[in-house]
A.B. asks: 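Shown below is the structure under consideration.
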Amino acid sequence: MTRDRSRGRAGSARDADSFFGAAEDRKVERKERQLCRQVQEAVSEALAGIEDEVLLEVWVADVEPAPDAGRLAVIVQAPRGVSPDEVAARLEKVAGYLRAEVASAISRKRVPTLTFRVLPPETGGES
């Protein structure tokens, strides 16, 4: 008499996607992270080239999808002594220029829309 090896296992078979996520999802996430890094570098370089004493001191902390790669949130740190509202207003004035710089730095058919979130200045003590 032969033993039926499949008995008792019918409901326990799982595919790899249930453990590791779909390969397509991982690819999309990787591409989004890559785009965010490219945009972070492009915006940082573009801000360094602007003749504005406040924006020269702004630090690009992060870029993240908001909610997807078609719209990106650029998170910046305001310099000391400058209000986040002032930084946000200045960023809005140069938003078109920054988007054009991003367009030349990435290779995509559509350039993502940029939104800005300004963090308050760090209040850590100096040595």
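Computed from a predicted structure; not experimentally measured.
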A.B. asks: Are any non-hydrogen side-chain atoms of Val63 and Val43 less than 4.5 angstrom apart?
C.D. replies: no

A.B. asks: Same cluster for Leu47 and Ile75 if Ile/Leu/Val/Met/Phe/Trp/Tyr side chains link at under 4.5 Å?
C.D. replies: no

A.B. asks: Only pairs at least two apart or in different chains count here, so list each side chain to side chain donor-acceptor pair (under 3.5 Å) that has a residue in residues 35-46.
C.D. replies: none

A.B. asks: Can you name the one residue among Val76, Val82, Leu91 that meets side chain to side chain contact (heavy atoms under 4.5 Å, CB included) with Leu55?
C.D. replies: Leu91

A.B. asks: Distance-only check: which donor-acceptor pairs under 3.5 Å involve side-chain atoms of residues 102-121, not counting sequence neighbours?
C.D. replies:
from	atom 1	to	atom 2	distance (Å)
Ser104	OG	Glu101	O	2.9
Thr115	OG1	Leu72	O	3.3
Arg117	NH2	Glu64	OE2	2.4

A.B. asks: Show which residues join Trp59 in its hydrophobic cluster (side-chain heavy-atom contacts under 4.5 Å, direct or indirect), or state none.
C.D. replies: none

A.B. asks: Sequence neighbours left out, what pairs pass salt bridge (charged side-chain N to carboxylate O under 4.0 Å, His left out) with at least one residue falling in residues 84-98?
C.D. replies: Asp52-Arg90, Glu53-Arg90, Glu86-Arg90

A.B. asks: Show your reasoning for whether side-chain contact (heavy atoms from CB on, under 4.5 Å) applies to Val87 and Val54.
C.D. replies: CA-CA 7 Å; Val87 172; Val54 172; 3.9 Å; yes

A.B. asks: What closest approach, in Å, do Gln77 and Glu122 show between heavy atoms, and which atom pair accounts for it?
C.D. replies: NE2-N, 3.3 Å

A.B. asks: With the 4.5 Å side-chain cut-off for hydrophobic clustering, are Val58 and Tyr97 part of the same group?
C.D. replies: yes

